[in-house]
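To start, the structure under review is shown below, and the notes come after it.
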Amino acid sequence: MELLSIDPLHPDAAAIAHAAELLRAGRLVAFPTETVYGLGANALDARAVERIYAAKGRPAYNPLIVHVASAESVSSVATEWPERAARLADAFWPGPLTMVLPKRGVVPDGVTAGLPSVAVRVPSHPVAHALLAAAQIPVAAPSANRSMMLSPTTGRHVARSLGDAVDLILDAGPTTVGIESTVVDLTSAEPVLLRPGTISLVQLEAVLGPVRRVSASSSDAARPSPGMLDRHYSPRAALFIASTAEVARQCANVQARGQRAGALVIDAPAPTAAITIRLARDAGEYASGLYAALHDLDDAGCDAIIVEQVPDGPAWLGVRDRLARAARSGGESGGGHR
Ligand code: AMP
Ligand code: MG
């Protein structure tokens with residue numbers, strides 16, 4: 001595995017050309033986007049895409065997001081560009097929004113997990129943009145981590161999770177948005193929010209009108225996207241969500257079992273003897289710091305992480321979704337072991 005440090009704002013042209021060449025040759029390149037680091041492969045090369053699944057240990061039923069340099073390039077992978085897609089692109093691209101559209105035949109089944117649709121996004125990170133522009137191919141890129149684990153927000157996270165399974169890592173330091181893109185399905189009459197992110201339902205509805213929400217926690221509803229039910233985005237430590245008042249007691253429970261407790265708080269006082277990370281009461285800032293905080297608490301050897309409940313507002317939907325998926329189901333930290 002090769003690791004190249006690259007300036008996040010003014011990426012070195014030779015490094016970009018090298019990475020683009022590897023992608024065109026069917027190799028795997030991890031690169032920063034504004035959301036998390038992606039593990040990229042030529043989206044039109046079935047064997048290259050197969051390598052993504054192998055490197056991540058990702059189940060074949062979980063489709064990938066295809067990254068392109070501009071809205072004009074969407075036509076290389078999708079058969080339609082509806083007017084509402086154009087409006088969304090005007091409002092949010094380049095940026096952390098993924099649209100699901102009917103796919104072209106040239107897109108291998110491996111990219112879409114056999115679905116007749118393809119997920120596409122134009123990222124805003126200067127390194128991602130430069131790479132896509134230089135490669136001149138659509139690039140399939142899920143998060144650059146082993147399947148089910150925490151997404152990487154630094155090059156170091158990628159190196160630790162994937163090691164030699166990736167050919168090149170472009171390391172541009174921490175990403176800014178910090179959680180995965182908002183995913184909206186435009187293949188049916190009514191747009192559907194498949195995955196919340198930092199672009200909120202309110203912002204989407206301002207452009208699209210009513211958007212249906214598929215709740216990750218509503219158990220039995222049919223899911224258009226197979227990846228959605230999975231336990232996902234998890235630290236190694238067991239993660240529990242607690243009210244502000246309960247954080248300290250739950251940490252004490254963990255310690256009473258002789259285990260190491262970590263706490264991720266907003267307003268709660270730092271619990272005694274727990275390793276505590278504090279994030280701001282601002283949805284954007286919180287999202288930006290969330291995965292790095294969980295990686296750090298894992299690295300510190302925490303057995304359990306007690307996360308102070310986040311606010312209820314629409315801006316926090318993406319963060320709440322990731323925390324709910326990372327959390328140990330079945331309540332509080334007094335419960336079972338992993
Ligand atoms: P990740 O690569 O971990 O960011 O996950 C990509 C996610 O995008 C998947 O888990 C799905 O939720 C969504 N996705 C990708 N392609 C499609 C598709 N064709 N239809 C619906 N959802 C998709
Ligand atoms: Mg992922």
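Just so you know, ligand 1 is whichever comes first in the structure, and atom 1 is the first atom listed for that ligand. Side chains are part of it too, since the values below use all heavy atoms of this structure and drop only hydrogens, waters and symmetry mates.
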Near I65 (heavy-atom distance under 4.0 Å), the atoms of ligand 1 are 6 (C), 8 (O)

Side-chain H-bond candidate by donor/acceptor type, S76 with R104, under 3.5 Å: no

CZ (R322) and CG (L150) are apart, to the nearest 0.5 Å, by 12.0 Å

* To do: Determine, using heavy atoms of M148 and all atoms of ligand 1, whether some pair is separated by less than 4.0 Å.
  => no

L64 heavy atoms within 4.0 Å reach ligand 1 at atoms 15 (C), 16 (N)

Restricting to heavy atoms, the pick from K56, E180, R58, K103 nearest atom 3 (O) of ligand 1 would be R58

Item to complete: Please examine the side chains of F240 and N253, heavy atoms only from C-beta on, and report whether any two atoms are closer than 4.5 Å.
Response: no

Ligand 1 to P63, heavy atom cutoff 4.0 Å, flagged ligand atoms 6 (C), 9 (C), 14 (N), 15 (C), 16 (N), 17 (C), 23 (C)

Taken to the nearest 0.5 Å, the spacing of L101 CG from L186 CG works out to 5.5 Å

Closest non-hydrogen atoms of T33 and T175, given as atom of the first, atom of the second and distance, are O-CG2, 3.2 Å

Nitrogen or oxygen atoms of R195 and ligand 1 under 3.5 Å apart: yes

*Geometric N/O contact T112 with ligand 1, under 3.5 angstrom*: no

In ligand 1, the atoms that come under 4.0 Å of a heavy atom of L194 are 21 (C), 22 (N)

Quick one: does D185 get within less than 4.0 Å of ligand 1, heavy atoms only?
no

Rounded to the nearest 0.5 Å, the CE atom of M149 sits from the CZ atom of R236 at a distance of 6.5 Å

Counting from 1 in the order shown, the ligand 1 atoms closer than 4.0 Å to a non-hydrogen atom of N62 are 9 (C), 10 (O)

Counting from 1 in the order shown, the ligand 1 atoms closer than 4.0 Å to a non-hydrogen atom of S117 are 18 (C), 19 (N), 20 (N)

- Check step by step if salt bridge (Lys or Arg N to Asp or Glu O under 4.0 Å) holds for D299 and R160. CA-CA 11 Å; D299 292 349; R160 278 193 324 191; 2.8 Å; yes

Q.
If we count only N and O atoms by modelled type, under 3.5 Å, do the side chains of S151 and E180 hold a donor and an acceptor together?
A. yes

Discussion item. Under a 3.5 Å threshold, yes or no: a donor from one side chain and an acceptor from the other, between S181 and T35?
Written reply: no

Atoms of ligand 1 under 4.0 Å from any heavy atom of L115, numbered from 1 in the order shown, are 18 (C), 19 (N), 20 (N)

Exercise. Indicate if the distance from the Mg ion (ligand 2) to the nearest N, O or S atom of S147 falls below 2.8 Å.
Key: no

